[in-house]
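Every value quoted in this text rests on a predicted model; they were computed, and no experiment measured them.
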Amino acid sequence: MGQFSGYTVEAMDVDPEPNLGGKDEAKEKPILVILVGAPGSGKSTFCDHVMRLATRPWVRICQDAIGNGKAGTKNQCLTAAASALKDGKSVFIDRCNLSREQRADFVKRVGPEVEKHAVALDLPAKLCISRSVKRTGHEGNLQGGKAAAVVNRMLQKKELPKLNEGYARITVCQDKKDVQAAINMYTALGPLDKLPPGFFGQKNSDSKVQQGIMKFLKKKDPPECSDAVVYIASENIQSHATKEKDSNQVLESCEEQKKTSVGSSISLENAPTLAFPSISTADFHFNLEKASDIIVEKVEEYVNKLGNARLVLVDLSQNSKILSLVRAKAAEKNIDSKKFFTFAGNITNLYSDGGLHCNAIANVTNWRLKPGGGGVNAAIFNAAGPALETATKAKAKSISSGKAIVVPLPSSSPLFSREGVTHVIHVLGPNMNPQRPNCLNNDYVNGCKILRDAYSSLFDGFASIVRTQEELCKYSFEKITEGEVQLDQGSRNGGQKAKRETVCEADMNKKYKSFVKELGPNVGSSGDGSTGGQITKAWGAWAQALYDTAMHPERHKNIIEMSDDVVVLNDLYPKAQKHLLVLARVESLDRLEDVHKEHVTLLKTMHSVGLKWAEKFLSENSSLTFRLGYHSVPSMRQLHLHVISQDFDSNHLKNKKHWNSFNSPFFRDSVDVIDEVSQNGKAVLKDENVLSMELRCHRCQSAHPNIPRLKAHISSCQASFPAFLLQNGRIVFSEGKDANS
DNA sequence: GTTCTAGAAC
DNA sequence: GTTCTAGAAC
């Protein structure tokens with residue numbers, strides 16, 4: 001493996017600890033932490049845990065407690081916060097703060113002398129409900145009780161905090177492990193310390209993929225994690241309900257950590273990501289063939305050194321020559337497409353425009369590190385505002401070719417608040433353009449060497465950013481062990497304590513040695529198709545039945561209507577009292593993904609045929625309601641429209657996938673599909689990960705721990721359908737029937 | 001898509 | 001011990 005030996009992080013213009021730049025300031029800056037979470041999400045517990053061991057002075061401002069027995073007000077909280085901050089104390093705002101509006105006053109009220117953070121405890125509704133029910137002493141009925149309704153209602157209005165509200169840092173916790181990591185991080189934060197800025201945590205559930213990966217890794221002694229607050233979706237909801245014993249929470253978290261920590265390294269969507277343009281190929285006229293070889297060579301060298309971090313080559317146009325060259329060469333070398341891929345888009349808008357979250361972006365700059373010129377350099381300096389120029393000046397006055405300079409981006413920069421970019425890495429490549437300084441006059445021997453150096457410096461710079469987060473992660477885990485011992489005293493006997501401690505420590509040590517260990521070769525290919533090269537999965541033999549029915553209806557029984565365009569049949573395994581399928585009779589129209597503008601008429605035909613059947617059933621039984629729609633990713637080949645009654649009263653409805661395939665965004669209402677295809681030429685698709693979401697009643701939205709309990713609930717739930725479903729004819733009712741009855 | 005079943009959760 | 005889920009095989 002000779003090619004791996006050349007570069008460690010050494011001799012380059014990179015700040016070894018770019019995130020800890022707060023050191024030189026060496027003055028206390030109080031922090032305002034706005035906690036965000038429903039009742040029962042653990043906001044008060046969070047504060048208690050941190051304040052118990054922290055060396056930084058904290059004040060908890062709790063709306064429930066501030067009113068001396070009476071209900072407190074937001075204004076009381078605001079005043080108390082201002083006065084504590086003035087005293088140099090750091091502050092937790094312990095109230096729900098679920099909407100942007102609720103939070104805005106707190107952010108507005110304090111100036112730049114205070115660092116503003118948000119910590120969102122975005123835990124499963126079920127857990128919050130069970131806790132709040134328990135806390136208020138109500139017994140039993142976790143699903144139907146008033147607490148459930150209240151929490152569910154509050155959560156429907158939930159807006160997770162965004163950087164553009166004005167925070168330097170946001171931490172989103174989506175399970176108990178995330179919460180524990182955040183507690184440890186804030187506990188460890190001394191009066192002079194600073195946490196890395198940016199957005200940490202993830203919005204979308206991805207549990208299915210992660211569980212699968214975790215299982216795989218469990219067997220293989222996996223590589224370990226990066227980010228203290230990387231989202232892990234795998235925690236089992238049921239385990240919350242039953243294992244939750246507050247007195248043991250810290251100990252349990254440690255155990256859970258062992259079980260789930262594996263997943264944290266593979267939270268790919270949330271992995272540290274560097275977006276970089278091709279160096280020197282634009283204005284510096286470097287040969288594209290040679291440049292693409294070097295990009296792929298360097299990516300191959302680094303991609304496995306970077307743990308779960310991702311590298312993304314960005315260019316403006318989808319037709320970019322360099323992107324396609326690199327794509328082809330990377331594919332040839334079988335580079336893991338989850339860890340390296342190309343992306344067409346503006347590097348200053350990757351998140352807001354392309355939904356791609358990159359915490360670092362590379363800027364191909366000029367030797368003076370000045371804004372302007374053109375291309376990427378102008379665009380990035382422009383988008384980042386004067387903050388980048390100032391921060392860059394503080395680091396260096398110039399840059400030589402083949403080098404990179406890491407610049408932490410101040411949170412005042414729009415690139416930070418809008419795009420979540422925390423670092424810009426300036427890099428200067430070799431120049432082959434006689435119109436530009438230091439032209440190499442086609443000396444490609446030297447040029448290639450410099451270009452290689454440039455990519456090495458760039459990726460090393462990125463590695464140093466990633467590693468700083470690793471360090472922090474390590475630090476906070478060390479604190480777990482410490483904290484555990486202290487919290488432990490008095491509640492456990494010594495022997496047990498020592499044993500647990502050793503286990504945790506051993507585990508941690510193993511974890512952090514493996515920072516640059518590469519992932520197993522199978523991991524990357526278990527595709528979610530969301531980024532990079534997607535592989536269209538082949539249809540199994542069992543998946544051909546509908547295709548055959550559509551093409552040769554005469555060979556099948558069970559068909560209730562047939563025309564040139566469609567075949568209608570009862571679903572062989574109906575998931576409700578009435579469940580039928582309208583098949584499209586078009587060759588090679590296997591699924592919704594294949595549907596384009598030319599199929600709009602067919603979609604409308606399918607819809608009207610389905611609607612006609614729904615109306616027929618309604619005339620026979622007016623208590624039914626129907627939905628018509630498609631699965632985002634069907635299991636059976638041949639485009640088919642589901643017409644399904646909303647009772648879901650069927651023995652064939654057996655598992656989570658069954659339920660969520662009809663009651664999550666995975667189910668695309670026919671009316672919406674028709675609109676989207678008419679307007680955009682394609683329908684929005686949700687990937688299969690949503691199928692492992694928690695189980696929620698399709699009427700009252702209450703959460704349920706398993707299928708039998710859910711079914712018991714829906715058999716009697718009379719709540720009206722959510723407003724969304726009552727619009728645009730998504731739900732079909734009997735004529736004259738009120739939507740709420 | 002379903003069935004079967006190991007093993008996790010209760 | 002029983003219930004329930006999730007993965008593999010088909």
Spacing of A/Leu639 atom CG relative to B/dG1 atom P, expressed in whole Å:
13 Å
Heavy atoms under 4.0 Å, any strand shown: does A/Leu572 hit a base, just sugar-phosphate, or nothing?
nothing
All ring pair (Phe, Tyr, Trp, His ring centres under 6.0 Å) counterparts of A/Tyr630, not counting sequence neighbours:
none
Residue pairs fulfilling salt bridge (charged side-chain N to carboxylate O under 4.0 Å, His left out) with at least one residue in residues 545-560 of chain A, sequence neighbours excluded:
A/Asp548-A/Arg555
For A/Arg627 and A/Asp669, run salt bridge (Lys or Arg N to Asp or Glu O under 4.0 Å): C-alpha distance rounded to whole Å, both residues' side-chain angles, the deciding distance at 0.1 Å, then the answer.
CA-CA 7 Å; A/Arg627 243 177 123 183; A/Asp669 289 282; 2.8 Å; yes
From CD of A/Gln544 across to C1' of B/dT2 the rounded distance in Å is 16 Å
With sequence neighbours excluded, tell me which residues meet side-chain hydrogen bond (donor to acceptor under 3.5 Å, both in side chains) with A/Glu598.
none
Without decimals, in angstroms, what is the distance between A/Leu581 CG and B/dG1 P?
9 Å
What is the distance, rounded to the nearest whole Å, between atom NZ of A/Lys657 and atom C1' of B/dT2?
11 Å
From CH2 of A/Trp542 over to P of C/dA8, roughly how many Å is that when rounded to an integer?
14 Å
Would you please name every residue forming a ring pair (Phe, Tyr, Trp, His ring centres under 6.0 Å) with A/Phe667, sequence neighbours left out?
A/Phe662
What residue pairs, at least two apart or across chains, pass salt bridge (charged side-chain N to carboxylate O under 4.0 Å, His left out) with a residue in residues 629-649 of chain A?
A/Asp590-A/Arg637
Which atom pairs link the protein and nucleotides 3-7 of chain B when you take only N or O atoms and keep those under 3.5 Å?
residue: B/dT3; atom: OP2; partner: A/Lys654; partner atom: NZ; Å: 3.1

